[in-house]
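These notes are about the structure you will find just below.
Reminder, nothing fancy here: chain letters follow the sequence lines and each chain counts from 1.
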Number of protein chains: 2
Amino acid sequence: MTKNCNFIEKLREVGLRPTKQRIKICEVLYNREKTFHFTINDLVKMISEKMNEKISLATVYNTVHAFEKKGYLKEISIDSHKSYFDTNTSAHHHFFDEDTHELIDCDESDIDKINIRKNITGKKINSVEVLVRVASDNQTQK
Amino acid sequence: MTKNCNFIEKLREVGLRPTKQRIKICEVLYNREKTFHFTINDLVKMISEKMNEKISLATVYNTVHAFEKKGYLKEISIDSHKSYFDTNTSAHHHFFDEDTHELIDCDESDIDKINIRKNITGKKINSVEVLVRVASDNQTQK
DNA sequence: CAACAGTTTAGAATTATTATAATGTAGATT
DNA sequence: AATCTACATTATAATAATTCTAAACTGTTG
Ligand SMILES: [Mn+2]
Ligand SMILES: [Mn+2]
Ligand SMILES: [Zn+2]
Ligand SMILES: [Zn+2]
(Lines give C-alpha, C1' and ligand atoms only; values in the text may rest on other atoms or scores of the structure.)
(Ligands and ions follow the chains in the order given, each with its own letter.)
Protein backbone atom coordinates (compact mmCIF):
# COMPACT_ATOMS: atom_id res chain seq x y z
CA MET A 1 0.00 0.00 0.00
CA THR A 2 1.49 3.23 -1.22
CA LYS A 3 1.64 5.95 1.37
CA ASN A 4 0.16 9.39 0.81
CA CYS A 5 3.56 11.04 1.20
CA ASN A 6 4.61 9.12 -1.91
CA PHE A 7 1.76 10.68 -3.82
CA ILE A 8 2.81 14.08 -2.54
CA GLU A 9 6.34 13.52 -3.86
CA LYS A 10 5.05 12.09 -7.10
CA LEU A 11 2.86 15.13 -7.68
CA ARG A 12 5.70 17.50 -6.80
CA GLU A 13 8.03 15.76 -9.21
CA VAL A 14 5.90 16.64 -12.21
CA GLY A 15 5.09 20.09 -10.96
CA LEU A 16 1.58 19.56 -9.64
CA ARG A 17 0.73 21.01 -6.28
CA PRO A 18 -0.10 18.28 -3.80
CA THR A 19 -3.52 19.58 -2.87
CA LYS A 20 -5.80 17.40 -0.80
CA GLN A 21 -8.13 16.76 -3.75
CA ARG A 22 -5.28 15.52 -5.94
CA ILE A 23 -3.95 13.29 -3.19
CA LYS A 24 -7.43 11.89 -2.64
CA ILE A 25 -7.74 11.08 -6.35
CA CYS A 26 -4.27 9.49 -6.34
CA GLU A 27 -5.37 7.25 -3.48
CA VAL A 28 -8.47 6.11 -5.32
CA LEU A 29 -6.58 5.53 -8.56
CA TYR A 30 -3.22 4.15 -7.50
CA ASN A 31 -3.59 2.75 -4.02
CA ARG A 32 -4.34 -0.75 -5.31
CA GLU A 33 -2.74 -3.91 -6.59
CA LYS A 34 -3.65 -3.76 -10.25
CA THR A 35 -4.18 -1.08 -12.84
CA PHE A 36 -7.73 -0.55 -14.05
CA HIS A 37 -10.02 1.26 -16.46
CA PHE A 38 -12.63 3.84 -15.53
CA THR A 39 -14.86 6.60 -16.78
CA ILE A 40 -15.13 10.02 -15.13
CA ASN A 41 -18.48 8.90 -13.79
CA ASP A 42 -16.96 5.78 -12.25
CA LEU A 43 -14.30 7.89 -10.62
CA VAL A 44 -16.77 10.35 -9.15
CA LYS A 45 -18.74 7.43 -7.69
CA MET A 46 -15.60 5.81 -6.32
CA ILE A 47 -14.58 9.01 -4.61
CA SER A 48 -17.96 9.63 -3.04
CA GLU A 49 -18.37 6.00 -1.97
CA LYS A 50 -14.89 5.13 -0.73
CA MET A 51 -14.07 8.53 0.68
CA ASN A 52 -16.25 10.69 2.83
CA GLU A 53 -15.10 13.82 0.99
CA LYS A 54 -16.96 15.21 -1.97
CA ILE A 55 -14.94 16.67 -4.80
CA SER A 56 -16.48 19.00 -7.35
CA LEU A 57 -17.08 17.49 -10.77
CA ALA A 58 -15.04 20.25 -12.41
CA THR A 59 -12.10 19.34 -10.18
CA VAL A 60 -12.36 15.67 -11.11
CA TYR A 61 -12.25 16.60 -14.79
CA ASN A 62 -9.40 19.06 -14.27
CA THR A 63 -7.38 16.62 -12.21
CA VAL A 64 -7.89 13.68 -14.55
CA HIS A 65 -6.78 15.79 -17.48
CA ALA A 66 -3.81 17.14 -15.53
CA PHE A 67 -2.83 13.55 -14.72
CA GLU A 68 -3.31 12.55 -18.34
CA LYS A 69 -1.08 15.38 -19.54
CA LYS A 70 1.60 14.38 -17.04
CA GLY A 71 1.46 10.73 -18.07
CA TYR A 72 -0.25 9.35 -14.96
CA LEU A 73 -3.28 8.33 -16.97
CA LYS A 74 -4.02 7.31 -20.51
CA GLU A 75 -7.23 7.93 -22.40
CA ILE A 76 -8.59 4.95 -24.33
CA SER A 77 -10.92 5.32 -27.33
CA ILE A 78 -13.28 2.44 -27.75
CA ASP A 79 -16.67 3.95 -27.68
CA SER A 80 -17.23 7.35 -29.23
CA HIS A 81 -19.93 7.92 -26.68
CA LYS A 82 -17.80 7.53 -23.57
CA SER A 83 -14.32 8.45 -22.37
CA TYR A 84 -12.38 5.64 -20.76
CA PHE A 85 -9.19 6.18 -18.82
CA ASP A 86 -6.53 3.67 -17.93
CA THR A 87 -4.15 3.72 -14.98
CA ASN A 88 -1.92 1.43 -17.03
CA THR A 89 -0.05 4.04 -19.06
CA SER A 90 2.21 1.67 -20.96
CA ALA A 91 1.51 0.83 -24.60
CA HIS A 92 -0.80 -2.15 -24.61
CA HIS A 93 -3.71 -3.71 -26.44
CA HIS A 94 -7.28 -4.26 -25.25
CA PHE A 95 -10.22 -6.56 -25.39
CA PHE A 96 -13.56 -4.81 -25.19
CA ASP A 97 -16.52 -6.83 -24.03
CA GLU A 98 -19.46 -5.49 -25.98
CA ASP A 99 -21.95 -7.14 -23.63
CA THR A 100 -20.68 -5.69 -20.39
CA HIS A 101 -18.79 -2.70 -21.81
CA GLU A 102 -15.75 -3.86 -19.89
CA LEU A 103 -12.20 -3.19 -21.02
CA ILE A 104 -9.60 -5.90 -20.46
CA ASP A 105 -5.85 -5.48 -20.92
CA CYS A 106 -3.94 -7.79 -23.24
CA ASP A 107 -0.75 -9.28 -21.95
CA GLU A 108 2.39 -8.77 -24.00
CA SER A 109 2.19 -12.43 -25.02
CA ASP A 110 -1.43 -12.34 -26.21
CA ILE A 111 -0.70 -10.58 -29.48
CA ASP A 112 2.43 -10.70 -31.65
CA LYS A 113 4.30 -7.51 -32.37
CA ILE A 114 2.49 -5.64 -35.16
CA ASN A 115 4.55 -4.93 -38.21
CA ILE A 116 3.52 -1.80 -40.13
CA ARG A 117 4.68 -1.90 -43.74
CA LYS A 118 3.22 1.39 -44.84
CA ASN A 119 5.07 4.54 -43.99
CA ILE A 120 3.54 7.97 -44.29
CA THR A 121 6.04 10.55 -45.46
CA GLY A 122 6.93 13.18 -42.90
CA LYS A 123 5.02 11.35 -40.19
CA LYS A 124 6.33 9.13 -37.45
CA ILE A 125 4.38 6.44 -35.65
CA ASN A 126 3.34 7.45 -32.15
CA SER A 127 1.50 4.28 -31.19
CA VAL A 128 0.12 1.06 -32.57
CA GLU A 129 -2.77 -0.35 -30.61
CA VAL A 130 -5.12 -3.22 -31.23
CA LEU A 131 -8.70 -3.38 -30.08
CA VAL A 132 -10.34 -6.80 -30.02
CA ARG A 133 -14.10 -6.60 -29.65
CA VAL A 134 -15.64 -9.67 -28.09
CA ALA A 135 -19.20 -10.64 -27.28
CA SER A 136 -21.16 -13.54 -25.90
CA ASP A 137 -20.72 -16.69 -27.98
CA ASN A 138 -24.36 -17.67 -28.29
CA GLN A 139 -26.12 -14.35 -28.88
CA THR A 140 -26.74 -12.76 -32.25
CA GLN A 141 -23.68 -10.83 -33.22
CA LYS A 142 -23.92 -7.22 -34.28
CA MET B 1 -21.60 7.31 -61.30
CA THR B 2 -24.30 5.41 -59.49
CA LYS B 3 -27.84 6.33 -60.46
CA ASN B 4 -30.43 7.31 -57.91
CA CYS B 5 -32.59 4.36 -58.84
CA ASN B 6 -29.77 2.15 -57.60
CA PHE B 7 -29.92 3.85 -54.23
CA ILE B 8 -33.68 3.37 -54.23
CA GLU B 9 -33.23 -0.33 -54.81
CA LYS B 10 -30.43 -0.55 -52.29
CA LEU B 11 -32.59 1.09 -49.64
CA ARG B 12 -35.57 -1.11 -50.47
CA GLU B 13 -33.42 -4.23 -50.21
CA VAL B 14 -32.70 -3.64 -46.55
CA GLY B 15 -36.18 -2.45 -45.75
CA LEU B 16 -35.62 1.29 -45.63
CA ARG B 17 -38.11 3.48 -47.40
CA PRO B 18 -36.45 5.37 -50.25
CA THR B 19 -37.42 8.82 -49.09
CA LYS B 20 -35.89 11.86 -50.76
CA GLN B 21 -33.73 12.66 -47.72
CA ARG B 22 -32.28 9.16 -47.62
CA ILE B 23 -31.58 9.22 -51.35
CA LYS B 24 -29.92 12.63 -50.99
CA ILE B 25 -27.69 11.31 -48.22
CA CYS B 26 -26.85 8.23 -50.31
CA GLU B 27 -25.79 10.51 -53.14
CA VAL B 28 -23.49 12.53 -50.90
CA LEU B 29 -22.02 9.41 -49.30
CA TYR B 30 -21.77 6.90 -52.11
CA ASN B 31 -21.79 8.80 -55.39
CA ARG B 32 -17.99 8.97 -55.54
CA GLU B 33 -14.92 7.01 -56.48
CA LYS B 34 -13.49 6.22 -53.08
CA THR B 35 -14.79 5.51 -49.64
CA PHE B 36 -14.17 8.16 -47.00
CA HIS B 37 -14.47 9.11 -43.34
CA PHE B 38 -16.70 11.81 -41.93
CA THR B 39 -18.32 13.23 -38.83
CA ILE B 40 -21.99 14.13 -38.58
CA ASN B 41 -20.92 17.75 -38.80
CA ASP B 42 -18.98 17.12 -42.01
CA LEU B 43 -22.00 15.41 -43.48
CA VAL B 44 -24.37 18.23 -42.61
CA LYS B 45 -21.97 20.69 -44.25
CA MET B 46 -21.58 18.51 -47.33
CA ILE B 47 -25.33 18.29 -47.74
CA SER B 48 -25.91 22.01 -47.39
CA GLU B 49 -22.97 22.90 -49.67
CA LYS B 50 -23.32 20.32 -52.43
CA MET B 51 -27.07 20.15 -52.44
CA ASN B 52 -29.49 23.01 -52.37
CA GLU B 53 -31.77 21.10 -50.01
CA LYS B 54 -31.56 21.43 -46.27
CA ILE B 55 -32.12 18.35 -44.17
CA SER B 56 -32.97 18.57 -40.51
CA LEU B 57 -30.16 17.66 -38.13
CA ALA B 58 -32.36 15.05 -36.45
CA THR B 59 -32.90 13.38 -39.82
CA VAL B 60 -29.19 13.30 -40.52
CA TYR B 61 -28.59 11.57 -37.19
CA ASN B 62 -31.50 9.18 -37.72
CA THR B 63 -30.44 8.33 -41.25
CA VAL B 64 -26.78 7.82 -40.40
CA HIS B 65 -27.73 5.51 -37.58
CA ALA B 66 -30.23 3.68 -39.79
CA PHE B 67 -27.48 3.21 -42.38
CA GLU B 68 -25.08 2.06 -39.70
CA LYS B 69 -27.55 -0.52 -38.42
CA LYS B 70 -28.11 -1.80 -41.95
CA GLY B 71 -24.38 -2.04 -42.63
CA TYR B 72 -24.04 0.88 -45.03
CA LEU B 73 -21.81 2.73 -42.61
CA LYS B 74 -19.38 1.83 -39.89
CA GLU B 75 -18.63 3.88 -36.79
CA ILE B 76 -14.94 4.31 -35.97
CA SER B 77 -13.68 5.09 -32.46
CA ILE B 78 -10.49 7.06 -32.42
CA ASP B 79 -11.27 10.11 -30.48
CA SER B 80 -13.62 9.87 -27.54
CA HIS B 81 -14.70 13.39 -28.24
CA LYS B 82 -15.96 12.85 -31.77
CA SER B 83 -17.86 10.22 -33.74
CA TYR B 84 -16.30 9.25 -37.04
CA PHE B 85 -18.14 7.24 -39.66
CA ASP B 86 -16.69 5.29 -42.53
CA THR B 87 -18.29 4.43 -45.87
CA ASN B 88 -15.81 1.58 -46.09
CA THR B 89 -17.71 -1.02 -44.09
CA SER B 90 -15.24 -3.86 -44.50
CA ALA B 91 -12.94 -4.84 -41.63
CA HIS B 92 -9.83 -2.71 -41.97
CA HIS B 93 -7.18 -0.88 -39.98
CA HIS B 94 -6.51 2.85 -39.75
CA PHE B 95 -3.85 5.45 -39.48
CA PHE B 96 -4.89 8.51 -37.54
CA ASP B 97 -3.00 11.72 -38.17
CA GLU B 98 -2.89 13.49 -34.83
CA ASP B 99 -1.88 16.78 -36.47
CA THR B 100 -4.73 17.04 -38.96
CA HIS B 101 -7.20 14.67 -37.24
CA GLU B 102 -7.47 12.81 -40.51
CA LEU B 103 -8.26 9.12 -40.75
CA ILE B 104 -6.52 7.05 -43.41
CA ASP B 105 -7.38 3.47 -44.36
CA CYS B 106 -4.74 0.78 -44.27
CA ASP B 107 -4.50 -1.53 -47.21
CA GLU B 108 -4.74 -5.25 -46.59
CA SER B 109 -1.02 -5.49 -47.28
CA ASP B 110 0.05 -2.76 -44.84
CA ILE B 111 -0.36 -4.86 -41.73
CA ASP B 112 0.02 -8.63 -41.28
CA LYS B 113 -2.92 -10.64 -40.04
CA ILE B 114 -3.13 -10.26 -36.27
CA ASN B 115 -2.93 -13.46 -34.31
CA ILE B 116 -4.79 -13.40 -30.99
CA ARG B 117 -3.49 -16.01 -28.59
CA LYS B 118 -5.74 -15.22 -25.68
CA ASN B 119 -9.25 -16.56 -25.71
CA ILE B 120 -11.93 -15.33 -23.35
CA THR B 121 -14.23 -18.14 -22.26
CA GLY B 122 -17.79 -17.84 -23.52
CA LYS B 123 -16.86 -14.93 -25.78
CA LYS B 124 -16.21 -14.88 -29.49
CA ILE B 125 -14.14 -12.31 -31.32
CA ASN B 126 -16.25 -9.84 -33.30
CA SER B 127 -13.46 -7.74 -34.72
CA VAL B 128 -9.75 -7.06 -34.47
CA GLU B 129 -8.73 -3.60 -35.51
CA VAL B 130 -5.48 -1.73 -35.35
CA LEU B 131 -5.13 2.00 -34.91
CA VAL B 132 -1.78 3.54 -35.81
CA ARG B 133 -1.42 7.06 -34.51
CA VAL B 134 1.00 9.18 -36.50
CA ALA B 135 2.22 12.74 -36.17
CA SER B 136 4.62 15.15 -37.75
CA ASP B 137 8.20 13.88 -37.66
CA ASN B 138 9.88 17.03 -36.38
CA GLN B 139 7.43 18.31 -33.78
CA THR B 140 7.47 17.39 -30.11
CA GLN B 141 5.49 14.21 -29.69
CA LYS B 142 2.68 14.04 -27.20
C1' DC C 1 2.31 34.72 9.04
C1' DA C 2 1.65 37.65 4.88
C1' DA C 3 1.30 37.51 -0.02
C1' DC C 4 0.67 35.38 -4.28
C1' DA C 5 -0.09 32.06 -7.63
C1' DG C 6 -2.35 28.11 -8.48
C1' DT C 7 -6.59 25.40 -7.27
C1' DT C 8 -11.25 24.35 -6.17
C1' DT C 9 -15.89 25.25 -6.47
C1' DA C 10 -20.86 25.95 -7.86
C1' DG C 11 -23.13 27.03 -11.33
C1' DA C 12 -23.63 28.72 -16.10
C1' DA C 13 -22.45 27.80 -20.86
C1' DT C 14 -21.44 24.91 -24.64
C1' DT C 15 -21.60 20.96 -27.52
C1' DA C 16 -23.15 16.61 -29.12
C1' DT C 17 -26.84 13.73 -29.21
C1' DT C 18 -31.55 12.01 -28.43
C1' DA C 19 -36.57 12.53 -27.46
C1' DT C 20 -41.08 14.53 -28.54
C1' DA C 21 -44.95 15.38 -30.98
C1' DA C 22 -46.94 17.58 -34.87
C1' DT C 23 -46.80 17.37 -39.81
C1' DG C 24 -45.64 15.20 -44.17
C1' DT C 25 -45.17 11.41 -47.45
C1' DA C 26 -44.31 6.64 -49.72
C1' DG C 27 -46.66 2.89 -50.90
C1' DA C 28 -50.63 0.13 -50.44
C1' DT C 29 -55.76 -0.12 -50.71
C1' DT C 30 -59.83 1.10 -52.56
C1' DA D 1 -57.06 8.98 -58.70
C1' DA D 2 -58.50 9.55 -53.98
C1' DT D 3 -57.81 7.64 -49.51
C1' DC D 4 -55.42 5.36 -45.94
C1' DT D 5 -51.75 4.21 -42.89
C1' DA D 6 -47.39 3.30 -41.25
C1' DC D 7 -43.26 5.27 -41.23
C1' DA D 8 -40.25 9.49 -41.82
C1' DT D 9 -39.13 14.26 -41.26
C1' DT D 10 -39.05 18.32 -38.84
C1' DA D 11 -38.50 22.01 -35.36
C1' DT D 12 -37.89 22.25 -31.01
C1' DA D 13 -37.12 20.76 -26.33
C1' DA D 14 -34.59 17.77 -23.41
C1' DT D 15 -30.58 15.37 -21.87
C1' DA D 16 -25.80 14.33 -21.18
C1' DA D 17 -21.02 15.11 -21.22
C1' DT D 18 -17.71 18.43 -20.89
C1' DT D 19 -15.76 23.03 -20.41
C1' DC D 20 -15.92 27.81 -18.85
C1' DT D 21 -16.30 31.52 -15.40
C1' DA D 22 -15.37 34.11 -11.68
C1' DA D 23 -15.29 34.14 -6.83
C1' DA D 24 -13.48 31.88 -2.75
C1' DC D 25 -9.79 29.11 -0.97
C1' DT D 26 -5.21 27.02 0.02
C1' DG D 27 -0.28 25.42 -0.61
C1' DT D 28 4.04 27.44 -0.94
C1' DT D 29 7.51 30.89 -0.58
C1' DG D 30 10.02 34.16 1.81
MN1 LIG E 1 -10.12 14.14 -22.90
MN1 LIG F 1 -23.42 6.23 -32.56
ZN1 LIG G 1 -5.60 -0.90 -20.41
ZN1 LIG H 1 -11.75 3.45 -42.87
Can you name the side chain to side chain donor-acceptor pair (under 3.5 Å) partners of [X], sequence neighbours left out?
X     : answer
B:S90 : B:N88
A:D86 : A:H37, A:H92, A:H94
B:K24 : none
B:Q21 : none

(request) Could you tell me, to 10°, how much the axis swings from one end of the helix from C:dC1-D:dG30 to C:dT30-D:dA1 to the other, five pairs per end? (result)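 Computed angle between terminal axes is 20°.
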(request) Using a 4.0 Å heavy-atom cut-off, write out nucleotides 8-17 of chain D from 5' to 3' as B (base contacted by protein), S (sugar-phosphate only) or - (no contact). (result) SSBB-----S
(request) Look at the side-chain heavy atoms of Ile, Leu, Val, Met, Phe, Trp and Tyr, link any pair under 4.5 Å apart, and say whether A:L103 and A:V130 land in one connected group. (result)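 No, no single cluster joins them.
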(request) Decide whether B:I8 and B:V28 are clustered together by the hydrophobic rule: side chain heavy atoms of Ile, Leu, Val, Met, Phe, Trp, Tyr closer than 4.5 Å, transitively. (result)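 As far as the 4.5 Å side-chain criterion goes, B:V28 and B:I8 are connected within one cluster.
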(message) Show every ring-ring contact (aromatic ring centres under 6.0 Å, His included) that has at least one partner inside residues 96-122 of chain B, sequence neighbours left out.
(response) B:F96-B:H101
(request) With sequence neighbours excluded, tell me which residues meet side chain to side chain contact (heavy atoms under 4.5 Å, CB included) with B:D112. (result)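 Scan of B:D112 (side chain to side chain contact (heavy atoms under 4.5 Å, CB included), adjacent residues dropped) gives A:N115, A:R117.
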(request) Would you please name every residue forming a side chain to side chain contact (heavy atoms under 4.5 Å, CB included) with B:T87, sequence neighbours left out? (result)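 Listed in chain order: B:L29, B:Y30, B:T35, B:F36, B:F38, B:L73.
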(request) With B:K123 as the cation and A:F95 as the aromatic partner, state whether NZ or CZ is under 6.0 Å from the six-membered ring centre and within 45° of the axis. (result)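 Judged by the rule, B:K123 and A:F95 form no cation-pi pair.
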(message) Measuring from atom CD of A:E68 to atom OG of A:S83, what distance do you get when rounded to the nearest 0.5 angstrom?
(response) 8.5 Å
Whole angstrom value for the distance that separates [atom2] of [N] from [atom1] of [X]:
X     : N      : atom1 : atom2 : answer
B:L11 : C:dT25 : CG    : P     : 18 Å
A:F67 : C:dT7  : CZ    : P     : 11 Å
A:K24 : D:dT26 : NZ    : P     : 14 Å

(request) Kindly state which residues belonging to residues 42-53 of chain B come within less than 4.0 angstrom of DNA chain C, counting heavy atoms of the residue only, listed by number. (result)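 Contacts with DNA chain C under 4.0 Å: none.
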Let me have the donor-acceptor pairs involving side chains of residues 53-60 of chain A, under 3.5 Å, with sequence neighbours excluded, atom names and distances please.
unit_1	atom_1	unit_2	atom_2	d
A:S56	OG	A:A58	N	3.2
A:S56	OG	A:T59	N	3.4

(request) Output yes when at least one side-chain N/O atom of A:R12 is less than 4.0 Å from OP1 or OP2 of D:dT28, else no. (result) yes
Enumerate the protein-to-nucleotides 28-30 of chain C contacts in which both atoms are nitrogen or oxygen and the separation is below 3.5 Å.
none

(request) Check whether any side-chain heavy atom of B:H93 sits under 4.5 Å from a side-chain heavy atom of B:D110, and report yes or no. (result) no
